[in-house]
Number of protein chains: 2
Amino acid sequence: MVSFSGLQFHDRAPVYQQIAEYLKRQILLGTVQDGDPMPSRRELAAQTGINPNTAQKAYRLMTEEGYIYTDGNNGSVVRLTPELRAAIDEELTRGLVERFVEEAKQNQLSYKRVIALVSELWGDE
Amino acid sequence: MVSFSGLQFHDRAPVYQQIAEYLKRQILLGTVQDGDPMPSRRELAAQTGINPNTAQKAYRLMTEEGYIYTDGNNGSVVRLTPELRAAIDEELTRGLVERFVEEAKQNQLSYKRVIALVSELWGDE
DNA sequence: GCGTGTGTATTACGGGTATAATACAGTCAA
DNA sequence: TTGACTGTATTATACCCGTAATACACACGC
């Protein structure tokens with residue numbers, strides 16, 4: 001059963017999008033695999049403290065994007081193909097860095113300074 | 001006269017916030033300096049194709065943040081102190097990188113991979 | 001059968017954002 | 001003085017987001 005107990009919301013994106021993104025992260029981490037059952041709408045809502053309607057909206061989004069499917073009354077299940085996994089990696093990894101680089105350039109930051117700041121702010125490693 | 005003709009809006013933030021951020025970028029670039037006159041609300045609205053009320057909202061935000069002040073009926077003027085400039089740099093530079101690093105860590109990206117991706121996607125330089 | 005849980009749908013409300021249409025008072029040049 | 005511009009304010013509408021309260025049909029175990 002896919003768990004959303006570790007999900008912490010922020011206010012920079014709609015809640016239902018954050019839920020979908022959380023699932024994608026779990027997929028990339030290998031925590032969630034093809035065929036894994038999703039909690040019910042009401043259970044997810046209870047886990048995360050949101051409204052069941054918002055949970056339903058998240059499931060609709062994930063269904064539209066192809067990451068889950070719903071079998072009648074038996075709940076929803078994760079669907080994962082190599083293509084979907086590649087799409088997630090593209091969005092969460094390259095897409096993240098692409099948006100950052102674009103914004104950094106828009107702010108006229110130099111490559112050198114960006115690298116220095118990333119190194120400084122990364123902390124350990 | 002401060003110009004907003006180069007401003008291109010996106011939909012990830014309210015328009016009035018994007019206007020304020022654009023001014024801050026111009027300040028960091030040195031294009032805008034202390035005492036520079038701002039266009040009128042209606043002129044900014046015409047320049048950028050937005051509603052004068054939204055422009056007014058942006059001016060109110062910039063006034064509250066201290067980057068402009070309004071002299072009665074004579075229009076608004078940019079105010080720039082070393083403290084304000086430092087605050088802008090903190091927000092637009094360090095803040096940007098901080099949010100990126102946080103999100104990258106949340107997605108379990110390694111420091112090494114992030115640096116590699118930034119280098120790859122940066123292009124020239 | 002009955003209760004519980006399931007997915008799904010509808011309606012309503014509040015808040016934030018943006019637009020739209022005005023309105024008013026002040027300034028200033030013609 | 002008149003007209004055009006200025007900043008400022010108000011009201012209305014519309015959309016998205018999230019919550020809230022229901023409602024319905026279906027499936028399953030007791």
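Below, read A as the first sequence line, B as the second, and so on, with proteins coming before strands; counting in each chain starts at 1. Because only heavy atoms are used, hydrogens play no part in the values below, and waters and symmetry mates are left out as well, while side chains stay in.
In this view, B/Ser3 and B/Ser5 satisfy the side chain to side chain donor-acceptor pair (under 3.5 Å) rule, not counting sequence neighbours. Under the ring pair (Phe, Tyr, Trp, His ring centres under 6.0 Å) criterion, B/Tyr22 pairs with B/Phe4, sequence neighbours left out. Applying the side chain to side chain donor-acceptor pair (under 3.5 Å) rule to A/Asp89 yields the partners A/Thr93; only residues at least two apart in sequence or on another chain are considered. Residues passing the side chain to side chain donor-acceptor pair (under 3.5 Å) test with B/Glu91 are B/Lys24, sequence neighbours excluded. Every residue was checked against the side chain to side chain donor-acceptor pair (under 3.5 Å) condition with B/Asp36, not counting sequence neighbours, and none meets it. Residues meeting the side-chain contact (heavy atoms from CB on, under 4.5 Å) test with B/Ala87, sequence neighbours left out: B/Tyr67. For B/Glu102, there are no side-chain contact (heavy atoms from CB on, under 4.5 Å) partners, not counting sequence neighbours.
Listed by residue number, the members of residues 64-78 of chain B with any heavy atom below 4.0 angstrom from DNA chain D are B/Thr70, B/Gly72, B/Asn73, B/Gly75. Within residues 4-12 of chain B, no residue is approached by DNA chain C to less than 4.0 Å at the level of any non-hydrogen atom.
The line from CZ of B/Arg99 to CG of A/Leu121 is 11.5 Å long, rounded to the nearest 0.5 Å.
Atom pair A/Tyr59:OH and C/dT8:C1' shows a separation of 14 Å (rounding to whole Å applied). When the C1' atom of D/dA20 is taken as reference, atom CZ of A/Arg41 falls 19 Å away, rounded to whole Å. What separates CD of B/Glu43 from P of D/dT6 is a distance of 7 Å, to the nearest Å.
Other residues sharing a hydrophobic cluster with A/Val77 under the 4.5 Å side-chain heavy-atom criterion for ILVMFWY residues are A/Tyr69.
Comparing B/Arg60 and B/Ser40 by the nucleotide of DNA chain D whose heavy atom lies nearest to each, the residue mapping closer to the 5' end is B/Ser40.
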Requested in this report: List the protein contact pattern of nucleotides 11-24 of chain C with one symbol per nucleotide (5' to 3'): B for base contact, S for sugar-phosphate-only contact, - for none; contact means a heavy-atom distance under 4.0 Å.
Outcome: ------SSBBB-B-
In a table with atom names and distances, give each donor-acceptor pair under 3.5 Å that connects a side chain of residues 49-61 of chain B to protein atoms at least two apart or in another chain.
from, atom 1, to, atom 2, distance (Å)
B/Asn51, OD1, B/Asn53, N, 2.8
B/Gln56, OE1, B/Arg41, NE, 3.0
B/Tyr59, OH, B/Pro39, O, 2.5

